[in-house]
Amino acid sequence: MKYILAIETTGAFASVALAKADWEEGHVASFEIACHIEGHDRFSHLQNLTPQIRQAIEESGLSIGDVAVIAVSRGPGSFTGIRIGVSTARALSQVLGIPCAAVPSLEAMALRLAESQALSDDTVICPIIDARRSQIYGGGFAAGPNGELQPVIQPGPYTVTEFMEAIQAKAIKRVSFMGDGIDKYQELIEEGKPAGCEITYADEAVRYQDAQTVARIGAAMAAAGELCDFAELEPVYMRAAEAERKLKEKQKNG
């Protein structure tokens with residue numbers, strides 16, 4: 001039995017999960033969440049993440065040295081949140097001498113909805129994260145032949161209009177949206193809904209990012225030999241930060 005410490009800081013609320021799992025080459029033999037700590041203070045990752053990790057370890061009756069893999073949601077999402085989560089994972093990985101699983105945030109979100117709500121087989125799960133200025137980070141995922149999630153709409157930065165056009169171009173008939181992009185852009189989503197497309201929205205209880213599915217994907221990545229060294233762990237922002245964008249515009253305009 002091995003323990004995976006999972007970190008999720010790409011959304012408004014940080015969460016931590018400690019999972020125990022067994023895996024062989026390409027196969028997760030067993031998986032169980034041993035402890036799950038949810039944050040309740042918006043964007044307080046810097047203050048709360050380390051205490052959350054400590055609490056998860058202590059409540060599980062373990063020591064930090066029992067952890068075999070650090071799984072972290074690598075982005076996209078909140079720029080500051082991603083930096084805090086990835087930096088914490090890198091530090092723990094380096095100190096403990098254990099590998100990391102760099103988990104795609106949108107895929108982890110989609111898995112949460114797939115595991116939590118009964119959806120029809122032809123439903124495409126579309127996690128969307130608010131990127132401001134009517135932009136989102138989004139992707140579309142559908143269940144594959146073995147139940148695994150496969151991308152139907154490639155994860156990336158979109159305007160809401162572009163994302164709805166991608167749904168139309170793929171002739172998708174059923175979509176379930178999740179993520180804080182719903183909170184900001186539901187009206188635009190409804191306005192851009194393709195004819196004949198049925199749209200639903202994830203319940204708030206499972207709408208946002210969570211460390212439990214980060215842990216589950218981390219176990220699958222470990223089984224597939226897709227772990228990395230702390231020095232190879234990199235955040236995925238998908239676009240330049242606001243400050244960087246403004247600086248480039250200022251330099252361009254002289």
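These figures come from a predicted structure and were not determined experimentally. Scope of the values below: all heavy atoms of this structure, side chains included, with no hydrogens, waters or symmetry mates.
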>> Do Ile84 and Met238 land in one hydrophobic cluster if side-chain heavy atoms of ILVMFWY residues count as linked below 4.5 Å?
In response: yes
>> Applying a strict under-4.5 Å side-chain criterion to I, L, V, M, F, W and Y, I'd like to know whether Leu188 and Ile128 cluster together.
In response: yes
> What residues, two or more places apart in sequence or in another chain, satisfy side-chain contact (heavy atoms from CB on, under 4.5 Å) together with Glu107?
Replying inline: Pro104, Phe141, Ile217
> What closest approach, in Å, do Leu233 and Ala102 show between heavy atoms, and which atom pair accounts for it?
Replying inline: CD1-CB, 3.5 Å
> Can you tell me how far the NZ atom of Lys184 sits from the CD1 atom of Ile129, to the nearest 0.5 Å?
Replying inline: 13.5 Å
> Between Ser116 and Arg112, is there a donor-acceptor pair closer than 3.5 Å when you use the side chain of the first and the backbone of the second?
Replying inline: yes
> Is the CD atom of Glu190 crowded by more than 12 outside heavy atoms at less than 6.0 Å?
Replying inline: yes
> Rounded to the nearest 0.5 Å, how far does CD1 of Ile82 lie from CD of Glu234?
Replying inline: 12.5 Å
> With ring centroids as reference points, do Phe13 and Tyr208 lie under 6.0 angstrom apart?
Replying inline: no
> If you look only at pairs with a residue in residues 60-80, which of them pass as a salt bridge (charged side-chain N to carboxylate O under 4.0 Å, His left out), with sequence neighbours excluded?
Replying inline: none
> Taking all non-hydrogen atoms of both residues, which atom of Tyr137 and which atom of Leu106 are closest, and how far apart?
Replying inline: O-CD2, 4.0 Å
>> Give me each pair satisfying ring pair (Phe, Tyr, Trp, His ring centres under 6.0 Å) with a member in residues 144-189, each pair once, sequence neighbours excluded.
In response: Tyr158-Phe163
> Taking Glu59 for the side chain and Cys35 for the main chain, is one N or O donor matched with an acceptor at less than 3.5 Å?
Replying inline: no
>> So does Ala108 get a backbone contact from the side chain of Thr213, meaning a donor-acceptor N/O pair under 3.5 Å?
In response: yes
> Can you find a heavy atom in the side chain of Ile136 that is under 4.5 Å from one in the side chain of Val160?
Replying inline: yes
>> Do Val72 and Cys100 have side chains that approach each other closer than 4.5 Å (heavy atoms only, starting at C-beta)?
In response: no
>> Do Ile125 and Met178 have side chains that approach each other closer than 4.5 Å (heavy atoms only, starting at C-beta)?
In response: yes
> Between OH of Tyr201 and SG of Cys126, what distance do you get to the nearest 0.5 Å?
Replying inline: 11.0 Å
> Does a side-chain heavy-atom distance below 4.5 Å link Ile4 with Leu18?
Replying inline: no
> Hey, quick one: are Met109 and Phe43 part of the same hydrophobic cluster, counting side-chain heavy atoms closer than 4.5 Å, chains of contacts allowed?
Replying inline: no
> Can you tell me if Thr10 uses its side chain to pair, donor with acceptor, with the backbone of Gly77 under 3.5 Å?
Replying inline: no
> Going by heavy atoms in the side chains, are Ser176 and Val124 under 4.5 Å from each other?
Replying inline: no
> Which heavy atom of Gly81 sits nearest a heavy atom of His45, and at what distance?
Replying inline: CA-CD2, 3.6 Å
> How far apart are the closest heavy atoms of Ile33 and Ala17, and which atoms are they?
Replying inline: CD1-CB, 4.4 Å
>> I'd like to check the side-chain hydrogen bond (donor to acceptor under 3.5 Å, both in side chains) partners of Thr123; sequence neighbours left out, ordered by chain and number.
In response: Ser120
>> With rounding to the nearest 0.5 angstrom, report the CZ to CZ distance, Arg90 to Phe230.
In response: 7.0 Å
> Which residue pairs satisfy the salt bridge (charged side-chain N to carboxylate O under 4.0 Å, His left out) criterion with at least one member in residues 163-180, sequence neighbours excluded?
Replying inline: Asp122-Arg174, Arg174-Glu198
> Can you tell me how far CD of Gln52 sits from CD of Gln47, rounded to the nearest 0.5 angstrom?
Replying inline: 11.0 Å
>> Please list all pairs meeting salt bridge (charged side-chain N to carboxylate O under 4.0 Å, His left out) that have one or both residues in residues 203-218, counting only residues at least two apart or in different chains.
In response: Glu115-Arg216, Asp183-Arg207
>> Could you see if Val175 belongs to whatever hydrophobic cluster contains Leu113? Use Ile, Leu, Val, Met, Phe, Trp, Tyr and a side-chain cutoff under 4.5 Å.
In response: no
>> Quick one about Thr159 and Ser134 (side-chain donor to acceptor, distance below 3.5 Å, no hydrogens or angles considered), yes or no?
In response: no
>> Show the nearest heavy-atom pair for residues Val214 and Ala6, with the distance to one decimal.
In response: CG1-CB, 4.0 Å
> Between Val16 and Val67, is there a shared hydrophobic cluster once you connect ILVMFWY residues whose side-chain heavy atoms come closer than 4.5 Å?
Replying inline: yes
>> Do Val86 and Thr9 have side chains that approach each other closer than 4.5 Å (heavy atoms only, starting at C-beta)?
In response: no
> Side chains of Glu8 and Ser73: is there a donor and an acceptor less than 3.5 Å apart?
Replying inline: yes
> Side-chain contact, heavy-atom cut-off 4.5 Å: Ile98 with Val69?
Replying inline: no
> When you measure from the side chain of His27 to the backbone N and O of Ala224, does any donor-acceptor pair fall under 3.5 Å?
Replying inline: no
> Hey, are the side chains of Leu5 and Ile53 touching, using non-hydrogen atoms and a 4.5 Å cut-off?
Replying inline: yes
>> Quick check: closest heavy atoms across Ala223 and Val28, and the distance to 0.1 Å?
In response: CB-CG2, 4.0 Å
